[in-house]
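Below is one structure, written out as structure tokens, with a few remarks after it.
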Amino acid sequence: MIRKYIFFAAFSILLNLTFQHLTLLIYNGFLSLYVAIFIGTLVGLFSKYFFDKKFIFSFKSINKKNDIITFFSYTFTGIITTILFWGIE
């Protein structure tokens with residue numbers, strides 16, 4: 001399971017960076033770097049959630065509402081973890 005987690009984490013990072021790069025190739029206007037970071041982060045977040053849900057935890061949501069609540073909980077946990085990590089640095 002650890003290998004799968006590492007693989008999908010690395011793949012999500014690759015998707016994030018790829019979409020940042022593609023965004024910068026397509027758009028180079030006002031705040032383009034921030035737009036690229038935002039797009040890359042969204043792609044990375046959605047892909048990591050999907051991979052974790054399907055391949056790591058084999059989670060099957062009851063309905064769309066449950067899936068949305070789970071996604072926002074997943075996202076909130078990531079935000080809190082990031083804030084703690086930045087605070088420790």
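Heads up: numbering here begins at 1 and tracks the sequence. Worth knowing before you read on, the calculation uses all heavy atoms, side chains too, and leaves out hydrogens, waters and symmetry mates.
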Separation between [atom1] of [X] and [atom2] of [Y], rounded to the nearest 0.5 Å:
X	Y	atom1	atom2	answer
Thr70	Lys65	OG1	NZ	11.5 Å
Leu25	His21	CG	NE2	4.0 Å
Gln20	Asn16	CD	CG	4.5 Å

Could you tabulate the donor-acceptor pairs under 3.5 Å formed by side-chain atoms of residues 75-84, not counting sequence neighbours?
from, atom 1, to, atom 2, distance (Å)
Thr75, OG1, Phe71, O, 2.9
Thr77, OG1, Ser73, O, 2.8
Thr81, OG1, Thr77, O, 2.8
Thr82, OG1, Gly78, O, 2.8

Under 30°, 30 to 60°, or over 60°: which ring-plane class applies to Phe55 and Phe50, parallel, tilted or perpendicular? perpendicular

Beyond-backbone contact of Lys53 with Asp67, side-chain heavy atoms, under 4.5 angstrom: yes

A side-chain contact here means heavy atoms from C-beta on lying under 4.5 Å apart; do Phe59 and Asn66 qualify? yes

Tell me every residue that passes side chain to side chain donor-acceptor pair (under 3.5 Å) with Asp52, counting only those two or more places apart in sequence or in another chain. Lys48, Tyr74

Considering all heavy atoms of both residues, which atom of Ile56 and which atom of Met1 are nearest to each other, and what is their separation? O-SD, 4.0 Å

Is Tyr49 linked to Ile69 within one hydrophobic cluster, defined over Ile, Leu, Val, Met, Phe, Trp and Tyr using a side-chain heavy-atom separation of less than 4.5 Å? no

So if I apply the ring pair (Phe, Tyr, Trp, His ring centres under 6.0 Å) rule between Phe51 and each of Tyr5, Phe8, Phe7, which one comes out positive? Phe8

Show me the donor-acceptor pairs, under 3.5 Å and distance only, between side chains in residues 31-45 and residues at least two apart or in other chains.
from, atom 1, to, atom 2, distance (Å)
Ser32, OG, Gly29, O, 3.4
Thr41, OG1, Ile37, O, 2.7

